[in-house]
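Numbered from 1 within each chain, the chains take letters A, B, ... in sequence-line order. Please read these numbers as outputs of a predicted model, since none were measured by experiment.
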There are 2 protein chains.
Amino acid sequence: MEQIELDDRKKKILIAIIQNYQETGEPVGSRTISKMTELNYSPATIRNEMADLEELGLIVQPHTSAGRIPTDKGYRYYVDQMMEKTQNLPAAASSQEVLIKRVDRVEELLLQMAQVLAASTNYATMVTGPHLKKNKLKFLQISAMGDGRMLAVVVLEGNVVRNNIIEIDETLDQETVSSLNMLLNTHLSGLSIEEINLAVISRMKEEAGQHAATVSRVIDAVAETFARENDFSVYTSGATNIFKYPELTGGDRASELISTLEEKKSLGNALVQYEGESRKNIQIFIGDEVPVDSMKDCSVVTATYELGDGVQGKLGVIGPKRMDYRKVVETLKDTMTQLDHIFKKPEE
Amino acid sequence: MEQIELDDRKKKILIAIIQNYQETGEPVGSRTISKMTELNYSPATIRNEMADLEELGLIVQPHTSAGRIPTDKGYRYYVDQMMEKTQNLPAAASSQEVLIKRVDRVEELLLQMAQVLAASTNYATMVTGPHLKKNKLKFLQISAMGDGRMLAVVVLEGNVVRNNIIEIDETLDQETVSSLNMLLNTHLSGLSIEEINLAVISRMKEEAGQHAATVSRVIDAVAETFARENDFSVYTSGATNIFKYPELTGGDRASELISTLEEKKSLGNALVQYEGESRKNIQIFIGDEVPVDSMKDCSVVTATYELGDGVQGKLGVIGPKRMDYRKVVETLKDTMTQLDHIFKKPEE
DNA sequence: TGTTAGCACTCGTTTGTCTGGAGTGCTAAC
DNA sequence: GTTAGCACTCCAGACAAACGAGTGCTAACA
C-alpha cells in the first residue's frame, strides 16, 4: 500500500470526522467540524480540505449534498498512523470497568470474560476456548463405573478438566485400575496432546500386557475428546448490542449476524486461522478484511489471551466499522492485564 | 372461564381464520374464507358469523375494514377444544425429521436437541439441563492433583458428570485418598443430592477421623457445583428464526427477545417454576400466559423430557402466537419418543 | 497565497394530499 | 337462513411540495 502523508490540519479534520461519525452515526458536514474547538476555520476551508481527503479515498459522501463518512481505508489510516499518538483519553476513564473474578472452571471464566467485555465495550464479543493441543497433560485418571463403562478424567495445565465415558469389554478389579492409572500417568503426564504419538502408545500397550485393548480405548477417547473440543468452545456475549447500530441491522443483516454469533463454530475457525500473524498481540480487521462473510460490514478487534502455563486462545470484539477502536484496544489490553494479575501472581 | 360452545360452522370458520393467519400473517377477510373449499358460503354469511365470533372475543379486527385475526382467547379455545379433533396432518409429514443421535455427554445431547427442534419447527428453542437435585449419585472420586489441590469428580445416574477443583490444607498420600474414596462412595452412592443431609455428613466425618475437614470440603464443593449448575445449563437454538415473523421483530422487540434467549438464566427459572403443573407433559402458554415478560407477544410450548433413570428437564419452543401449535406438539411428542428409544431400549 | 463569505444547486427527508383497494356492517330481497 | 348490493371506513402507496443540510464554485479579502 502506498504511504499517505497528511499535513497536520488534514489529520485533525480526519480525526474529527471519524470521532463525530462514531458518536452520531450520521455523515458529518463542514459546519459541524468548523464549530469544533481546536479547528477555527470556516466551513469553506474545511470543505476544501475534505475534498482533498475524498480524493485520497479516506472519506466519501454517501450521496451528493451529504456530509462525509470515513471509508475502510480512512479507518485503516486512522488505526495505523494516528490512533496511538492522540492520547486524549484520561487513564481514569477505565476505572469504571467491571472486573473479572477468579473462578476455577475455565469454561466459566471464558464466558465471564465475554460478558465483561461486552458490558464494558457495548459491542458483541466472542472468546475461543484455549488450544488444548499445545497444552500439557497434568494428570489422568480412569475409574470403573460399574456397568461395563469407565470414566476417564483428564486434567491439563491451567486446570482444564475434561471427562469422557468409555465402554470397555473386560471387567477390571480395583487393583488393576490402580495399576493402569499408574501406568498411564507415568507415561503421559507432562506431555502435550500432540506429543502422544505412536511410539509412546505402543510402549504403553506393551507394558499393559493383557489390558492393552483397554489402554488403547482410553487413549482414543482422550484424543476424541480434544478433537471434538474445538467445535464447542466458543463463547459469545452481547450479541444484541448490534441493534444499537442501525447500519448493521438494516435488511436481513441483523439476522445473519446473530446467527453467525449463535453458531459459534465458523467464528472460531476464522479467528484461529489468523493465529500465526499475532505477533503484535492485538489485531484489527476493518470491513472487508474480516475473514467472516456475514461480518463484512463490521470491524473485529482480536487479542490473544493467556491463562498462565501457556494456555492461550483468542478473544474478539465485533462492532460497527465506526467502533471506538481506541477504547476497544484499551479495554482489551486492560483485560489482558487483569488476566495476568489473576493467573500469574498467585502461582509465581 | 366460562365454557364456550360453538356450532359446527363457527368452528370451521375459526379454524380457517387461524390456519390462514398462521400462514400469511395477514388479517383474513370474509372473501378469503368464502373461497376456501369445504365452506361454500358467500362472504356475507361468513361476515355474520365472524361478527358473532368477535362478540365472543375469539377474534378481532386490528382496525375497521381490516380482516380478522385470532385473539389469545381464540387460540386458547383452538388449542383446548379443537386441535386434537382435526387430524388432517398425515403421519408421513413427520418423516422428514432430523433425528437425534445418541451421544454420551449430556450437555452435547441437550444442545443437539435444541438444534434439532429449531431446525424442524422453524421457531426458537430452549432446553434446560436436568434437575440434578432429584437425581441419584452413582459414583464419586477424589484424586490429588499435586499442588495442594484435589479434583473431585461426581457421576450421577444418566451419566451426568461434573468436576470440581478443591483446595485443601493437608497433603494426602495415595493410600489415604483411596480410603477416603471408599468412605465417600460407601456413604453417598445411591443418594440424591437432596438426601445428603447433616446426619449422613456427620457420620462420615466421624469415620474420617483426622480427615474430617477434607471430607467436609469435598461435600461443600459438590453441593456448590450443583447449586451453581442451575444457572448455567440452559441451551438455546434457532434464535434467529424469530426474524421470520414480523410481528415479533417490530421496534426493539427483536433485541429484547434475543437478549432474553442469550441470557438463558431467566428463561430457565421461569420454566422450572411451572414444574408442578406438568401432569399433562405438554404445556402451552399463549401470549400473556407466558411467564417471561419479554415474551408476552409469543407463545411457548414446553414439554418435560426424561433421559432414563428419572433424569428430567424442560424443553421449550418459542414462536409467534400464530405458531403452528399442532405441528409443534407433534414434533415435541416425536422428540420424546426418540429420546425414549435412545435411552430406554439399550438399557432395559 | 491562504482564507472566507456568498450563492446557486443537489438531493434526501419529511409532510400533506389523494386515490385505490380491501374489507366491513347493514338493509333488503330471495 | 342466505345472499346481493351499497355506503362507509381505513390503510397503503403514490405523488408533489416544502424544507434543510450540505456541497462546489467564485469572488473578495488579509
Where the side chain of A:Arg47 is defined as all heavy atoms beyond and including C-beta, which of D:dG24, C:dC11, C:dG23 is the nearest nucleotide? D:dG24
Can you check the A:Asp52 CG to C:dT3 P distance for me, whole Å? 12 Å
Under 3.5 Å, side chain of B:Thr71 to main-chain N/O of B:Leu58, donor-acceptor pair present? yes
What I want to find out is whether B:Lys10 reaches B:Asp7 closely enough, with some N-O distance under 4.0 Å, to be called a salt bridge. yes
Intermediate values then yes/no, side chain to side chain donor-acceptor pair (under 3.5 Å), B:Tyr325 and B:Ser299: CA-CA 9 Å; B:Tyr325 294 98; B:Ser299 282; 2.7 Å; yes
Run through A:Ile282, A:Thr121, A:Asn281 and flag the one making a side-chain contact (heavy atoms from CB on, under 4.5 Å) with A:Leu332. A:Ile282
Only residue of B:Arg322, B:Lys296, B:Lys321 satisfying salt bridge (Lys or Arg N to Asp or Glu O under 4.0 Å) with B:Asp72 is B:Lys321
Answer yes or no: are there more than 12 heavy-atom neighbours, outside A:Arg9 itself, under 6.0 Å from its atom CZ? yes
Note: B:Pro27 and B:Ile69 closest approach over all heavy atoms is CA-CG2, 3.6 Å
With distance as the sole test, does A:Ser34 use its side chain to make a donor-acceptor pair with the main-chain N or O of A:Ser30 at under 3.5 Å? no
Could you give the angle between the helix axes at the two ends of the helix from C:dT1-D:dA30 to C:dC30-D:dG1, with five pairs per end, rounded to 10 degrees? 20°
Quick one: do the A:Ser294 and A:Thr260 side chains pair a donor with an acceptor below 3.5 Å? yes
Whole-Å distance separating the NE2 atom of A:His63 from the P atom of C:dG12: 6 Å
Taken to the nearest whole Å, CD/B:Gln61 to C1'/D:dC8 is 13 Å
Return the residues of residues 64-71 of chain B meeting this criterion: a heavy atom under 4.0 Å from some atom of DNA chain D. Order them by number, or give none. B:Thr64, B:Ser65
Distances under 3.5 Å between protein N/O atoms and the N/O atoms of nucleotides 1-3 of chain D, please, pair by pair.
{"residue": "D:dT2", "atom": "OP1", "partner": "B:Arg9", "partner atom": "NH1", "Å": "3.0"}
{"residue": "D:dT2", "atom": "OP2", "partner": "B:Arg9", "partner atom": "NH1", "Å": "3.3"}
{"residue": "D:dT2", "atom": "OP2", "partner": "B:Arg9", "partner atom": "NH2", "Å": "3.1"}
{"residue": "D:dT3", "atom": "OP2", "partner": "B:Ser42", "partner atom": "N", "Å": "3.2"}
{"residue": "D:dT3", "atom": "OP2", "partner": "B:Thr45", "partner atom": "OG1", "Å": "2.7"}

Residues, nucleotides or ligands: over 12 heavy atoms within 6.0 Å of A:Lys333 NZ: no
